[in-house]
Amino acid sequence: MARGERSEEAWAWYTAVYEAIQEIPYGKVTSYGHIAKLVGKPECPRQVGVCLKHLPSPSTDPSKKSPTWHSGNVPWQRVINARGGISPRGPSGASRQATALRAEGVHVDQGSMGEFTVDFGKFGWFPDVLPSEAGLVESSDEEEEDT
DNA sequence: GATGTGACCGCCC
DNA sequence: CGGGCGGCCACAT
């Protein structure tokens, strides 16, 4: 049955991804894999990238209803690969994303090859679950680990 | 309608 | 320690 309503499944998948990205605090960055895990698909980080690629524009055609998610509301720029590097989807695209991150106060290192990398140790945001879901989950006991 | 690919990640050898 | 491969979902042709 669900197979029939493929569009609905897609909407749920996209929404989950976009919501997870929106949960990323200002000045922080995360990886595709983590977003995928937050949405329940830790083995499907690629689709996360696909979602961002299909991310609608902020001010698209007024004739069409404004999409709930767009590049103006979804900080897709804070989403990078697990290596802390920005996907070279486009030389200018990567640099543009790096610049956007720097504008948010994120320290982005640039390699000799022009590879942009972010220090997850400082700006890496990797919560076990989304704050929204965390509130739903009862925190009976907390796991604290100290070195 | 089917096939291929894609902004990735983790694991195996 | 490094390289290679599979796997997943949705979109495009």
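Just so we're on the same page: letters track the sequence lines, and every chain starts at 1. What you are looking at is a predicted structure, and each value in this text was computed from that prediction instead of being measured.
- The side chain of A:Asn81 lies closest to B:dC8 when the candidates are C:dC9, C:dA10, B:dC8.
- Look at CD on A:Gln97: it is 14 Å from C1' on B:dC8, rounded to the nearest Å.
- When the C1' atom of C:dC9 is taken as reference, atom CG of A:Leu52 falls 14 Å away, rounded to whole Å.
- Relative orientation of the A:Tyr18 and A:Trp69 rings is tilted, given thresholds of 30° and 60° on the angle between their planes.
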Tabulate protein N/O versus nucleotide N/O from nucleotides 4-6 of chain B, keeping only pairs under 3.5 Å, one per line.
{"residue": "B:dG6", "atom": "N7", "partner": "A:Arg46", "partner atom": "NH2", "Å": "2.4"}

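- Taking the C1' atom of each, C:dG6 and B:dG4 are spaced 16 Å apart, rounded to whole Å.
- Between the CZ atom of A:Arg78 and the P atom of B:dA7 there is a distance of 23 Å, given to the nearest Å.
- A gap of 15 Å separates the P atoms of B:dT5 and C:dC5, to the nearest Å.
- Rounded to an integer number of Å, the gap from CD1 of A:Ile35 to C1' of C:dC9 is 16 Å.
- When all heavy atoms of A:Tyr26 and A:Arg78 are compared, the closest pair comes out as CD1-NH2, 3.4 Å.
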Identify all side-chain donor-acceptor contacts of residues 28-52 of chain A below 3.5 Å with residues at least two apart in sequence or on another chain.
{"residue": "A:Thr30", "atom": "OG1", "partner": "A:Trp125", "partner atom": "O", "Å": "3.4"}
{"residue": "A:Ser31", "atom": "OG", "partner": "A:His34", "partner atom": "N", "Å": "3.4"}
{"residue": "A:His34", "atom": "NE2", "partner": "A:Pro127", "partner atom": "O", "Å": "2.7"}

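- Side chain of A:Thr117 to main chain of A:Asp109: a donor-acceptor pair is present (N/O by atom type, distance under 3.5 Å, no hydrogens or angles).
- Proximity of A:Ser87 to the phosphate of B:dC8: a side-chain N or O atom is located under 4.0 Å from OP1 or OP2.
- Across all non-hydrogen atoms, the minimal contact from A:Ser87 to A:Ala94 is O-CB, 4.0 Å.
- Distance from the side chain of A:Trp13 is smallest to C:dA10 among C:dA10, B:dC8, C:dC8.
- We find that NZ of A:Lys37 is positioned 19 Å from P of B:dC8, with the value rounded to whole Å.
- Distance A:Phe116 CZ to B:dA7 P: 18 Å, rounded to the nearest Å.
- The closest donor-acceptor contact from the side chain of A:Gln97 to the backbone of A:Gln77 lies under 3.5 Å.
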Run the side chain to side chain contact (heavy atoms under 4.5 Å, CB included) check on A:Val74 and A:Val17 step by step: do they pass? CA-CA 10 Å; A:Val74 180; A:Val17 174; over 6 Å; no
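- For A:Phe126 and B:dC8, the CZ to P distance is 15 Å, given to the nearest whole Å.
- Across the protein-nucleic acid pair, A:His54 atom NE2 and B:dC8 atom P stand 14 Å apart, rounded to whole Å.
- Each of A:Tyr14 and A:Glu43 was matched to the nucleotide of DNA chain C holding its nearest heavy atom; the match closer to the 5' end belongs to A:Glu43.
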